[in-house]
There are 2 protein chains.
Amino acid sequence: MPLSREKIAATAIRLADAHGLDGLSLRKIAKELGVGPMRLYDYVINKSELLDLMVDVVYARIAEVGQRSGWRDTVLAVAHATRAATLDHEWFSDVLGGRPHLGPHALAVGEATAAALSAAPGVRDLDDLQRAVGALNAFIIGSVRREVTERRTARSTGTDEAAFQASLGPYLTRMLKTGRYPTVARLVIDGAHLNAEETFNHNLTTILDGITRRRPT
Amino acid sequence: MPLSREKIAATAIRLADAHGLDGLSLRKIAKELGVGPMRLYDYVINKSELLDLMVDVVYARIAEVGQRSGWRDTVLAVAHATRAATLDHEWFSDVLGGRPHLGPHALAVGEATAAALSAAPGVRDLDDLQRAVGALNAFIIGSVRREVTERRTARSTGTDEAAFQASLGPYLTRMLKTGRYPTVARLVIDGAHLNAEETFNHNLTTILDGITRRRPT
DNA sequence: GTATTTGTGGATACACCGTACGGTAGCGAG
DNA sequence: CTCGCTACCGTACGGTGTATCCACAAATAC
């Protein structure tokens with residue numbers, strides 16, 4: 001079977017899922033495809049263009065959720081789809097917000113959320129819409145990024161608290177024992193039990209409530 | 001004058017400010033300091049540890065704002081300091097949320113915001129506090145990241161709209177002309193005039209209002 | 001004063017990266 | 001048959017982070 005942009009992007013995504021974005025190289029992709037490294041440059045200008053390709057494949061999955069009945073359901077669906085896709089492809093979080101997303105599917109989800117938000121109460125003109133889109137996207141990007149980071153450190157240190165105390169503990173517990181960070185200490189020590197998805201949902205509705213509430217100009 | 005972690009971090013920050021994180025290499029730092037590349041490994045274990053060092057230097061600047069009178073003033077001050085520091089050191093946005101911030105100064109600003117938020121109305125228990133901190137940080141991370149990205153593309157394409165139309169235009173305008181993204185098109189075409197700081201401020205107060213509003217459990 | 005140890009800075013080397021470049025083999029047109 | 005063209009391919013270059021070895025100087029032991 002011949003090479004194609006889609007095939008290259010697909011195996012690149014597979015490799016990135018397995019070994020992260022740092023462990024991804026054109027040489028490994030080419031080897032996985034059974035061709036020389038330079039073959040890829042017949043289909044892709046740059047490594048960064050390949051990245052854009054991979055990103056838009058993920059956005060295609062997000063765009064699949066399509067339109068829902070109400071504006072709020074649509075926004076919620078897109079947000080949750082974004083979170084789910086990012087948790088499936090953790091490298092996506094490394095790129096979220098770090099480059100302009102201009103692929104066709106990225107534009108499609110941008111259009112879907114913008115159109116939905118423009119129908120939200122409290123969004124009266126284009127300026128309101130721009131702010132609302134900005135706030136929502138900022139929250140999604142930051143949330144998902146944080147969750148992936150937490151998951152990574154949890155994986156690298158080991159899930160159980162004993163291994164955690166053994167790896168990050170020596171430094172972190174020493175820091176927290178200084179008493180200079182009492183609130184952070186309380187948060188770290190007995191604040192880890194919260195469900196991630198529930199937290200995401202909770203904060204998401206908080207944001208949406210804030211957006212829809214009419215404010216004085 | 002002898003080498004030191006501080007000196008290495010300082011010149012690394014200077015180079016990263018000038019040429020970005022991708023253009024930063026241990027060899028260049030060493031050359032800038034007039035030593036061999038391997039000398040740096042006497043002061044730093046990894047390149048990633050050096051990055052952590054640089055990050056905490058920036059957090060030190062953020063932590064300088066110190067405590068304000070009310071919880072809201074404190075949160076606003078920290079948020080604006082974070083934004084200002086990131087705009088001064090754009091590479092900081094590439095790292096924001098992408099790794100755990102455990103340096104002493106990072107913990108200090110974490111403590112400051114957490115302590116302030118714990119005094120906010122509507123934050124009743126530790127779970128509320130954790131969610132509030134998460135929402136606020138997510139917003140700040142996402143906002144600042146987006147702003148830096150926009151600034152970068154604006155710089156690479158040229159500020160004026162003619163150059164923009166010439167570089168990204170051929171693709172983007174063709175995409176927008178398809179009519180599949182009407183809302184995005186409206187946002188792009190005449191939505192660029194909004195002031196970034198004002199938008200940040202506006203959305204920040206929106207988030208804080210959402211947090212402080214008491215909700216049913 | 002000489003010998004030995006110790007530590008500090010430097011150079012070299014390795015594996016890997018993205019990608020520029022030159023060559024070669026197949027193939028349709030004249 | 002020959003010629004030009006296109007599609008593939010291997011090699012090579014300049015760069016990266018980092019491990020290892022080595023020379024030399026300072027300090028210590030006798």
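In what follows, chains carry the letters A, B, and so on, assigned in the order in which the sequence lines appear, proteins first and then strands, with residues in each chain numbered from 1. What you see below is based on every heavy atom in this structure, not just the backbone, and it leaves out hydrogens, waters and symmetry mates.
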A.B. asks: Measure from the side-chain heavy atoms of A/Arg39 and tell me the nearest of C/dT19, D/dC9, D/dT20.
C.D. replies: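 Looking only at heavy atoms from C-beta outward on A/Arg39, the closest nucleotide is D/dC9.
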A.B. asks: Taking B/Pro104's backbone N and O only, do any of them form a donor-acceptor pair with A/Tyr181's side chain (distance below 3.5 Å, no angle check)?
C.D. replies: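 Answer holds: yes.
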A.B. asks: When the distance from CE of B/Met38 to C1' of D/dA19 is rounded to whole Å, what number comes out?
C.D. replies: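 Rounded to whole Å, this separation is 8 Å.
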A.B. asks: In whole angstrom, give the distance that lies between atom CD1 of B/Ile45 and atom P of D/dG17.
C.D. replies: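 That distance rounds to 17 Å.
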A.B. asks: Report the distance from atom CG of A/Leu51 to atom P of C/dT19, rounded to the nearest whole Å.
C.D. replies: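 That distance rounds to 11 Å.
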A.B. asks: Within less than 4.0 Å of OP1 or OP2 of C/dT19, is there a side-chain N or O belonging to A/Asn46?
C.D. replies: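 Result: yes.
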A.B. asks: Mind calculating the distance between CG (A/Leu40) and C1' (D/dC8) to the nearest angstrom?
C.D. replies: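 To the nearest whole Å, that distance equals 13 Å.
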A.B. asks: From the options D/dG10, C/dG18, D/dT18, select the nucleotide whose nearest atom is closest to the side chain of A/Lys47.
C.D. replies: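 Among the listed nucleotides, the one closest to the side chain of A/Lys47 is C/dG18.
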A.B. asks: Give a yes or no on whether the backbone of B/Ala106 and the side-chain of B/Asp56 come within a donor-acceptor separation of less than 3.5 Å.
C.D. replies: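 Such a contact is found between B/Asp56 side chain and B/Ala106 backbone.
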A.B. asks: Counting C-beta onward and ignoring hydrogens, is there a side-chain heavy-atom pair between A/His80 and A/Phe200 closer than 4.5 Å?
C.D. replies: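 Of all side-chain heavy-atom pairs linking A/Phe200 with A/His80, at least one is under 4.5 Å.
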A.B. asks: B/Leu26 has a side chain; which of D/dG17, C/dC17, D/dT16 sits nearest to it?
C.D. replies: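 Looking only at side-chain atoms, B/Leu26 lies closest to D/dG17.
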A.B. asks: Have a look at B/Asp88 and tell me which of B/Arg151, B/Arg61, B/Arg83 forms a salt bridge (Lys or Arg N to Asp or Glu O under 4.0 Å) with it.
C.D. replies: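 That would be B/Arg61; it is the only one of B/Arg151, B/Arg61, B/Arg83 passing the salt bridge (Lys or Arg N to Asp or Glu O under 4.0 Å) with B/Asp88.
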A.B. asks: Does a side-chain N or O from A/Lys28 land closer than 4.0 Å to OP1 or OP2 of C/dC17, or not?
C.D. replies: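 Checking C/dC17 against A/Lys28, a side-chain N or O does come within under 4.0 Å of OP1 or OP2.
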A.B. asks: Kindly point out which of C/dG10, C/dA11, C/dT19 is positioned nearest to the side chain of A/Tyr41?
C.D. replies: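 Closest nucleotide to the A/Tyr41 side chain: C/dT19.
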A.B. asks: Could you tell me the separation between the NZ atom of A/Lys31 and the P atom of C/dA15, rounded to a whole number of Å?
C.D. replies: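 The distance from NZ of A/Lys31 to P of C/dA15 comes to 13 Å, rounded to the nearest Å.
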A.B. asks: Which nucleotide sits closest to the side chain of B/Ser25: D/dC8, D/dG17, D/dT20?
C.D. replies: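 Looking only at side-chain atoms, B/Ser25 lies closest to D/dG17.
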A.B. asks: Over how many whole Å does the gap from A/Asp22 atom CG to D/dT18 atom P extend?
C.D. replies: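 About 12 Å, once rounded to whole Å.
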A.B. asks: Identify which nucleotide among C/dA13, C/dC17, D/dC8 has an atom closest to any side-chain atom of B/Arg27, counting heavy atoms from C-beta outward.
C.D. replies: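 So the nucleotide nearest the side chain must be C/dA13.
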A.B. asks: Using whole Å, report how far CD of B/Glu49 lies from C1' of D/dT18.
C.D. replies: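 It works out to 14 Å between those atoms.
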A.B. asks: Between B/Thr149 and A/Gly97, is there a donor-acceptor pair closer than 3.5 Å when you use the side chain of the first and the backbone of the second?
C.D. replies: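 Yes: the side chain of B/Thr149 pairs with the backbone of A/Gly97.
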A.B. asks: Whole-Å distance between D/dT16 P and B/Leu50 CG?
C.D. replies: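 Result: 14 Å.
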